[in-house]
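Reading through the structure tokens given below for one structure.
All values derive from a computational prediction rather than experimental measurement. The first residue of the sequence shown is numbered 1, and numbering continues consecutively from there.
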Amino acid sequence: MVREKHECMIISEDSELWDVTCDGLSVPINIIGEEIVTVPKTRTEYNDIDRKAIEKNFRAKKILVCGIGPDEYNHIFACQYAKKIWEALQTAHEGTTQVKQSKIDMLTTEYEFFKMKEDESI
């Protein structure tokens with residue numbers, strides 16, 4: 001439920017915010033020399049496109065943080081990027097892939113062994 005709420009809030013604001021949340025922010029870089037060494041840009045080297053991308057990340061972070069409670073905030077307060085916040089919230093609410101598979105296996109086994117007990121009536 002919380003996931004759908006956040007997803008709808010971000011998408012309704014701006015579809016590019018959802019892209020930043022899912023795909024992550026690409027850090028602006030400088031290409032130095034012929035050997036193509038990449039170095040992150042300093043803030044003073046940012047151009048308008050870089051600033052716009054970083055602004056999208058900040059807006060997505062704001063939407064995610066404004067929609068959570070204090071307990072959830074403790075899971076994400078150190079995250080710099082909207083994508084990391086989103087992943088932390090997904091893990092907190094849905095669990096890891098391994099946990100989800102364990103839950104599915106447990107429920108499947110419970111269903112397979114489901115039967116009426118002697119003291120129960122229809």
| Is it the case that more than 12 heavy atoms not belonging to Ile49 sit under 6.0 Å from its CD1 atom? | no
| Closest contact, heavy atoms only, Arg51 versus Arg43 | NH2-O, 4.0 Å
| Does Glu120 use its side chain to pair, donor to acceptor, with the backbone of Lys117 at less than 3.5 Å? | yes
| query | Distance from Lys103 atom NZ to Asp105 atom CG, nearest 0.5 Å? | reply | 12.5 Å
| Asp48 atom CG, neighbour heavy-atom count above 12 within 6.0 Å | no
| request: Look only at the side chain of Lys61 and the backbone of Tyr81, and say whether a donor-acceptor pair between them is shorter than 3.5 Å. | output: no
| said: Could you go through Glu72 and Leu89, starting from their C-alpha distance and side-chain angles, then the distance that decides it, and tell me whether this counts as side chain to side chain contact (heavy atoms under 4.5 Å, CB included)? | reply: CA-CA 7 Å; Glu72 292 169 319; Leu89 290 172; 4.3 Å; yes
| message | When you group the ILVMFWY residues by side-chain heavy-atom contacts below 4.5 Å and let the links chain together, are Leu64 and Phe77 in the same group? | response | yes
| request: With rounding to the nearest 0.5 Å, note down the distance linking CD1 in Ile85 to CD1 in Ile63. | output: 11.0 Å
| task | Begin from the C-alpha positions of Lys83 and Thr21 and carry the test side chain to side chain contact (heavy atoms under 4.5 Å, CB included) through to its verdict. | result | CA-CA 4 Å; Lys83 180 177 182 172; Thr21 303; 5.8 Å; no
| field | Pairwise distance OG1(Thr91) to CD(Glu87) - rounded to 0.5 angstrom | value | 7.5 Å
| message | With rounding to the nearest 0.5 angstrom, report the OG1 to CD distance, Thr97 to Gln90. | response | 9.5 Å
| For Ile76 and Ala88, which heavy atoms make the closest approach, and how far apart are they? | CG2-CB, 3.6 Å
| request: Could you check Lys41 against Asp50 for salt bridge (Lys or Arg N to Asp or Glu O under 4.0 Å), going step by step and ending with a plain yes or no? | output: CA-CA 10 Å; Lys41 289 182 179 180; Asp50 298 334; 2.7 Å; yes
